[in-house]
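Below: the structure, in structure tokens.
The structure presented is a predicted model; accordingly, all values stated were derived computationally and were not measured.
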Amino acid sequence: MHRSKPDVISLLVLVTPHFNMAATVGFIDPFRAANYLEGRTQFQWKIASLQGGGCIASNGMTIETRPLAEVRQARHDFVILSSSWTPESFNTAPLHMSLWRWASEGATLGGLDTGAMILAEAGLLKNHRATVHYEHIDAMQELYPNVDVSEELFVFDGNRISCCGGAASVDFALHIIKGTHGEALANAAARYVFHQTVRPQGTMQSPGLAEPMGQLAPGSVKRAIAMMEQNLETPLSIPEICEAIDLSQRQLNRLFARYVKKTPKVYYRDIRLDRARGLVTQTEMPLLEVAIASGFASHVHFSRAYRERFGLSPRSDRIEGRVPFEFRAWPMYRKAMNPRQGPEW
């Protein structure tokens, strides 16, 4: 991304309730560092929300914001939507109209965490590449087939940019600085905020070394898992996977027991259920369609397996899973408990 350099770059960060505070602050701080290091204002930013006033983040902290109505008429070089839980709840006509106006004026529009889902709902990501937090990848793909959804940490596609959030938000900001003011200032800002390695474009959210098996698992296990991940909607049989990787089922079972601590069948079922959970909690897809999209032909079998893995039914999780994490009755992967008993951690 390369832009002509104006005197001062204007950034507008729009947050929605229960946004991720760390990602948002991490995104802003490199611009503060760049200003300090240059000894003058290179970047200026405003924080806004739909209603203005205090906006609560997912960690319970609150940030003061300006109302959308106050900033919608101003021109901005970058408009970044920082959203996390239930982004669909914040798709309003005034917001979409404002986004279209800024787009028509040449602003670069971006999303942090699930912010790209709001841009997609507004029709502003059609035929563009974009990314969201990995928990929402499947939902993004199902809801917006006209968007090329990437599992990279951040994506720069012309004047549409996006980032999965978390610590990657710092890299995201540094690449913006690099594109507007050059590599030297971006590197200096990275050093100032102790971000030792600026990850390059194309870096994946879940690199191989970060997977549960890391470097320890043999290639045959990784190939089997890759085949499972590529065939969630129409599952392969374990014998079919064994034949494809030229390994006996007995050998595969032994390797999974050692490195994965689950049988291949159970692991395959669990990653299909993980996909299902994203669709249950992040979309309004009918639950039968979710079951089919996750490789379960029987809704009864799907519901039973879902409850066994997550401790509640898909229908209940659709309600509770759309509540910000700290306000849920119990965290993900925790079995339901008797209200009179203590928590089962």
Side-chain angles (χ1 to χ4, degrees), residues 114 116-117 120 129-153 164 204-208 210-214 217 219-247 249 252-253 255-257 259-318 321-322 332-333:
T114 63
M117 298 182 82
R129 294 179 67 245
T131 191
V132 291
H133 189 284
Y134 71 82
E135 188 178 18
H136 303 260
I137 288 285
D138 286 334
M140 182 81 165
Q141 291 172 329
E142 290 286 338
L143 292 172
Y144 308 108
N146 61 4
V147 179
D148 181 5
V149 182
S150 168
E151 295 188 37
E152 296 171 20
L153 290 174
C164 65
M204 304 303 290
Q205 292 184 29
S206 299
E211 292 303 311
M213 280 62 69
S220 54
V221 171
K222 294 179 180 179
R223 290 196 301 273
I225 288 175
M227 291 188 67
M228 293 175 184
E229 292 174 340
Q230 293 162 11
N231 294 275
L232 297 178
E233 187 165 344
T234 306
L236 302 171
S237 68
I238 300 303
E240 285 176 319
I241 293 174
C242 289
E243 182 178 357
I245 64 174
D246 194 24
L247 201 69
Q249 189 166 344
L252 187 66
N253 285 337
L255 289 172
F256 264 69
Y259 293 102
V260 186
K261 312 305 181 186
K262 295 179 181 179
T263 66
K265 183 177 180 180
V266 169
Y267 182 85
Y268 202 175
R269 180 205 64 186
D270 285 352
I271 63 174
R272 286 157 49 213
L273 286 168
D274 290 345
R275 168 181 168 81
R277 189 170 198 277
L279 298 177
V280 165
T281 60
Q282 307 303 332
T283 77
E284 296 291 345
M285 287 175 63
L287 294 179
L288 179 58
E289 291 184 17
V290 172
I292 293 171
S294 307
F296 292 89
S298 164
H299 182 63
V300 173
H301 179 210
F302 168 64
S303 295
R304 185 183 301 119
Y306 196 100
R307 182 184 290 275
E308 179 182 337
R309 178 150 173 76
F310 301 118
L312 70 174
S313 70
R315 193 172 303 279
S316 297
D317 202 19
R318 171 150 283 177
R322 299 172 84 81
M332 185 167 58
Y333 301 124

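- Other residues, nucleotides and ligands place no more than 12 heavy atoms under 6.0 Å from the NZ atom of Lys265.
- Partners of His301 according to the ring-ring contact (aromatic ring centres under 6.0 Å, His included) rule, which considers only residues two or more places apart in sequence or in another chain, are Phe296.
- With sequence neighbours excluded, the residues forming a side-chain contact (heavy atoms from CB on, under 4.5 Å) with Leu288 are Ile292, His299, listed by chain and number.
- Looking at heavy atoms from C-beta onward, Phe256 lies out of side-chain contact with Thr263 at the 4.5 angstrom threshold.
- Taking both residues in full, the closest heavy atoms of Val280 and Leu287 are given as CG2-CD2, 4.0 Å, listed atom of the first, atom of the second, then distance.
- Using a 4.5 Å cut-off on side-chain heavy atoms (C-beta onward), Pro264 and Asn253 make contact.
- Taken to the nearest 0.5 Å, the NE2 atom of His136 stands 12.0 Å off from the CG atom of Leu279.
- A donor-acceptor contact shorter than 3.5 Å links the side chain of Thr131 to the backbone of Glu152.
- Here the side chains of Pro314 and Phe302 are in contact, with some heavy-atom distance below 4.5 Å.
- In this structure, the side chains of Ser294 and Val290 come closer than 4.5 Å at one or more pairs of heavy atoms.
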Inset, instruction - Might you work through the side-chain contact (heavy atoms from CB on, under 4.5 Å) test for Leu273 and Phe310, ending with a clear yes or no? - result: CA-CA 9 Å; Leu273 286 168; Phe310 301 118; 4.1 Å; yes

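- Arg307 contributes no side-chain N or O that, together with a main-chain N or O of Leu312, makes up a donor-acceptor pair within less than 3.5 Å.
- Qualifying side-chain contact (heavy atoms from CB on, under 4.5 Å) partners for Leu143, counting only residues two or more places apart in sequence or in other chains: Met117, Thr283.
- Of all heavy-atom pairs between Gln205 and Ser150, the closest is NE2-O, 4.4 Å.
- A salt bridge links Arg275 to Glu142: at least one charged side-chain nitrogen sits closer than 4.0 Å to a carboxylate oxygen.
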Legend entry - Leu252/Ile245 under side-chain contact (heavy atoms from CB on, under 4.5 Å): CA gap, chis, key distance, verdict: CA-CA 10 Å; Leu252 187 66; Ile245 64 174; 4.1 Å; yes

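- Ala130 approaches Ala116 most closely through the heavy-atom pair CB-CB, 4.3 Å.
- For the residue pair Glu233 and Pro235, the shortest heavy atom distance occurs at O-CD, 3.4 Å.
- Under the 4.5 Å side-chain criterion, counting only non-hydrogen atoms from C-beta, Asp274 is in contact with Arg309.
- In this structure, Tyr268 contributes its side chain and Leu236 its backbone to a donor-acceptor pair below 3.5 Å.
- Qualifying salt bridge (Lys or Arg N to Asp or Glu O under 4.0 Å) partners for Arg269, counting only residues two or more places apart in sequence or in other chains: Glu308.
- Within the 4.5 Å cutoff, no side-chain heavy atoms of Arg272 are placed close to those of Met228.
- No donor-acceptor distance shorter than 3.5 angstrom exists from the side chain of Arg129 to the backbone of Asp148, with no hydrogens or angles considered.
- For residues 236-247, the side chain to side chain donor-acceptor pair (under 3.5 Å) pairs, not counting sequence neighbours, are Ser237-Glu240.
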Legend entry - From CA spacing to verdict: side-chain contact (heavy atoms from CB on, under 4.5 Å), Ser220, Leu255: CA-CA 9 Å; Ser220 54; Leu255 289 172; 3.4 Å; yes

Legend entry - Worked verdict on Asp270 versus Lys262 for side-chain contact (heavy atoms from CB on, under 4.5 Å): CA-CA 10 Å; Asp270 285 352; Lys262 295 179 181 179; 2.7 Å; yes

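- Contact check for Gln249 versus Pro239: side-chain heavy atoms found under the 4.5 Å cut-off.
- A donor-acceptor pair under 3.5 Å is formed between the side chain of Asn231 and the backbone N or O of Met227.
- Arg318 contributes no side-chain N or O that, together with a main-chain N or O of Thr281, makes up a donor-acceptor pair within less than 3.5 Å.
- In terms of the side-chain hydrogen bond (donor to acceptor under 3.5 Å, both in side chains) criterion, Ser303 has no residue partners (sequence neighbours excluded).
- Between atom CG of residue Asp138 and atom CE of residue Met285 there is a gap of 10.0 Å, rounded to the nearest 0.5 Å.
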